[in-house]
Structure formats: C-alpha cells, structure tokens
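No experiment lies behind these values; they were computed from the predicted model shown.
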Amino acid sequence: MKNILYFVLFLFTILSFSQTKVVSWNLENFGKSKSQSDLDFIAKTIANYDIVTIQEVVAGYGGAQAIAKLAAILNEKGSKWDYRVSDPTSSSSYKTERYAFLWKTSKVKLIGNPWLEKKYHLEIDREPYFATFEIDKKTITLSSFHAITKNKQPETEIKYFKFLPAEYPNLNLVFIGDFNCPETHTVFFPLKKMGYSSILKNEKTTLKQKCKGDICLASEFDNMFYKTSAFKRTNSGTIHFYQQFNSLQEARKISDHIPVWFEFSLN
C-alpha cells in the first residue's frame, strides 16, 4: 500500500512539474498611477503563475519603474522572478505603450532577448512583443499584443497575424493579449486553419462600468491562441479579481480587464 502511495505522489510531482501556467493581463495605464496597495494586489493575483505578460504599460516615465516594483514584490513571495520591458511601440497615429514579461526563473529560462515585431510595425500600431522561453528543454515563443480599440477596427491589424507563423517558422508561437475582438471573428479563421485554437470561447474579459445584477463583464477581448499539435492543454480560464472589491469602480482602479490564463505541457 505504501509503495502505491509513493508512486502516486511521485507521479503527481512529475505531472505538476511538467505543467506551465501563463497569465496575461491588460493592466490599464500601468505606471506611476498604480499605488503600492495596487501593486501588492496585482502581485498576489499573479504570484502562482510561471510566466506573466502585461499589456498597457505606460510608455513614458513610470511604466518600466512600476514593472520593476512589481517584480520586487513578487521576489518577496518565495520565488525568484526576472522581467523584461519592451521599448515603446512605434505607433505615431495612436497611443504608444510598452509590454512586459515576468517569469519564475526556477520554472522557465529566457532564451535570447525579447523583441518588438519589425516587419509589420507600420501596419500594426502597437506591434507585438515576443519572448522565447525554454521549458523542460523545449521552447515556446509568446507574442504579447494590445490591439487598437474596437471602434478603430482591430481586425485591420489582426489580419497580419496569419503571416507571423511563416515569418518565424522555427518558433513555437503563442499569440496572447487584448485583441479588442472576439475569437469568433472571421479575422482569426486563417490562424485556426493553421491549427491554432483559443484557450477561451464565449468568455467575457472586460469590466462593465456598473454591474447589472450579477453581470459585471462586457466583452470577449482577451485570449490566447496556441498550436494544438504542440501543446497539451491542461486547463485555462479567467480570474474574476473584481469580486474582491466592494464595487466595480474600486476594481477598475486596478484594471478594466480581468486576467486570462493557460496551463499546459509541451508535446
């Protein structure tokens, strides 16, 4: 009986170790406007994940500094974290921003330097930010993205994503972020035909201005798209952090989006 128990525990340990958890969060206007208590709350929310990608980091003074503060708070929670912040996106016609990646160094290893997309940076206002990570001697490349707003037709940018797998044929790409567009939109059909699938379906990820009864979420904007042949999806979902606040107005000081997450192992 003891031998069986030990085997089950061993198997559980191996399976737990092989799983990686990625979380993505559009943290509205992430910079000096975030208080210490805001940063503490954000760190507590994401601390159990292995890789974090953040959109809407302020491009000017305060954005990169806020990410550094967040990493310092995470480092006080028992795991060693590292981070990278992008240069400002090259948009001249829209709001320029930064992106950030944070990760647990015991779980994943950064390979090379992250980079902003170069080929389509004129076609995409806030061009995606890529980072390649090694996990159990295999690699993935996360492409973090924040699309232009819905009224500016984000599909006019997203349509270029169908060219990225060919641009980076040797990379195991995962497209992550705030697309300001539901995964059911026809603009995602080319990626789906290539074998990509979204982690969320029919799941809203933005906060309303005010709850109507128990309905507090508005739009299906945040998601991740992964190649089903390369990943074994264990689980995925959203974090309804706003439920820990007395009102949506308080919660929206953190963000108007909720985090989305993906737990997987690599095939």
Side-chain angles (χ1 to χ4, degrees), residues 22-28 53-57 86 89-99 101 114-131 140-208 217-231 233 236-238 255-262 264:
V22 175
V23 64
S24 174
W25 201 351
N26 175 333
L27 280 166
E28 183 182 17
T53 179
I54 294 173
Q55 301 88 36
E56 210 168 313
V57 178
S86 76
T89 53
S90 60
S91 167
S92 57
S93 61
Y94 199 54
K95 183 183 175 187
T96 185
E97 295 173 1
R98 298 178 191 264
Y99 298 97
F101 287 107
W115 71 96
L116 287 166
E117 168 58 27
K118 297 175 181 67
K119 187 171 183 180
Y120 298 105
H121 74 101
L122 297 178
E123 292 82 3
I124 302 174
D125 270 353
R126 293 179 293 226
E127 64 272 31
Y129 186 45
F130 296 81
I140 63 167
T141 300
L142 305 183
S143 171
S144 185
F145 177 57
H146 184 198
I148 52 178
T149 55
K150 186 178 180 181
N151 62 359
K152 290 182 177 288
Q153 299 181 301
E155 61 272 18
T156 60
E157 296 186 321
I158 298 168
K159 68 182 182 182
Y160 291 99
F161 277 57
K162 66 188 175 187
F163 301 122
L164 295 178
E167 186 183 348
Y168 302 106
N170 298 320
L171 299 183
N172 189 7
L173 293 173
V174 183
F175 301 108
I176 295 179
D178 172 13
F179 297 93
N180 277 312
C181 195
E183 64 85 23
T184 52
H185 196 288
T186 55
V187 74
F188 292 111
F189 285 5
L191 281 178
K192 291 177 180 179
K193 286 180 180 177
M194 294 179 202
Y196 285 85
S197 181
S198 61
I199 64 163
L200 303 178
K201 299 183 191 302
N202 192 34
E203 197 157 347
K204 295 175 179 178
T205 62
T206 66
L207 296 183
K208 288 179 174 289
L217 298 174
S219 303
E220 302 171 32
F221 284 171
D222 303 83
N223 220 319
M224 304 187 195
F225 293 83
Y226 68 101
K227 196 81 173 282
T228 55
S229 60
F231 293 80
R233 175 182 166 276
S236 59
T238 55
S255 183
D256 55 351
H257 289 248
I258 62 174
V260 303
W261 59 272
F262 178 32
F264 62 88

For this session: Scan for salt bridge (charged side-chain N to carboxylate O under 4.0 Å, His left out) pairs involving residues 158-168, sequence neighbours excluded, and state none if there are none.
Result: none

For this session: Among residues two or more places apart or on two chains, list those pairs meeting salt bridge (charged side-chain N to carboxylate O under 4.0 Å, His left out) that have a residue in residues 178-202.
Result: Glu183-Lys192

Any non-hydrogen side-chain atom of [X] less than 4.5 Å from a side-chain atom of [Y]?
{"X": "Ser197", "Y": "Tyr226", "result": "yes"}
{"X": "Tyr120", "Y": "Glu127", "result": "no"}
{"X": "Asp256", "Y": "Thr206", "result": "no"}
{"X": "Leu142", "Y": "Thr53", "result": "no"}
{"X": "Leu164", "Y": "Phe130", "result": "yes"}
{"X": "Cys181", "Y": "Ile158", "result": "yes"}
{"X": "Glu220", "Y": "Leu200", "result": "no"}

Please report the interatomic distance [atom1]([X]) to [atom2]([Y]), rounded to the nearest 0.5 Å.
{"X": "Ile140", "Y": "Phe264", "atom1": "CD1", "atom2": "CZ", "answer": "4.0 Å"}
{"X": "Lys227", "Y": "Leu191", "atom1": "NZ", "atom2": "CG", "answer": "10.0 Å"}
{"X": "Asn223", "Y": "Phe262", "atom1": "CG", "atom2": "CZ", "answer": "10.5 Å"}
{"X": "Trp261", "Y": "Ser236", "atom1": "CH2", "atom2": "OG", "answer": "6.0 Å"}
{"X": "Trp25", "Y": "Ile258", "atom1": "CH2", "atom2": "CD1", "answer": "9.5 Å"}
{"X": "Asn180", "Y": "Phe145", "atom1": "CG", "atom2": "CZ", "answer": "8.5 Å"}

Problem set entry | Contacts of type side-chain hydrogen bond (donor to acceptor under 3.5 Å, both in side chains), residue Asp222, not counting sequence neighbours |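 Residues passing side-chain hydrogen bond (donor to acceptor under 3.5 Å, both in side chains) with Asp222: Thr205, His257.
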
Exercise. Considering residues at least two apart in sequence or located in another chain, which fulfil the side-chain hydrogen bond (donor to acceptor under 3.5 Å, both in side chains) criterion with Thr238?
Worked result: Glu203, His240

Counting N and O atoms only, with roles assigned by atom type, does the side chain of [X] sit under 3.5 Å from a partner on the main chain of [Y], one being a donor and the other an acceptor?
{"X": "Glu157", "Y": "Ile148", "value": "yes"}
{"X": "Ser255", "Y": "Asn26", "value": "yes"}
{"X": "Arg98", "Y": "Val57", "value": "no"}
{"X": "Ser86", "Y": "Tyr99", "value": "yes"}
{"X": "Glu117", "Y": "Lys119", "value": "yes"}

Grab the two heavy atoms, one from [X] and one from [Y], that are nearest each other, plus how far apart they are.
{"X": "Thr149", "Y": "Pro154", "value": "O-CD, 3.4 Å"}
{"X": "Ser24", "Y": "Gln55", "value": "OG-NE2, 3.0 Å"}
{"X": "Met224", "Y": "Ile176", "value": "CG-CG1, 3.8 Å"}

Problem set entry | Leu171: side-chain contact (heavy atoms from CB on, under 4.5 Å) partners, not counting sequence neighbours |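 Checked Leu171 against side-chain contact (heavy atoms from CB on, under 4.5 Å); matches are Trp115, Thr132, Thr141, Tyr168, Leu173.
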
Exercise. Who pairs with Glu56 by salt bridge (Lys or Arg N to Asp or Glu O under 4.0 Å), at least two apart in sequence or on another chain?
Worked result: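 Lys95.
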
Problem set entry | Partner of Phe188 by side-chain contact (heavy atoms from CB on, under 4.5 Å), out of Phe179, Phe175, Phe161 | Phe179

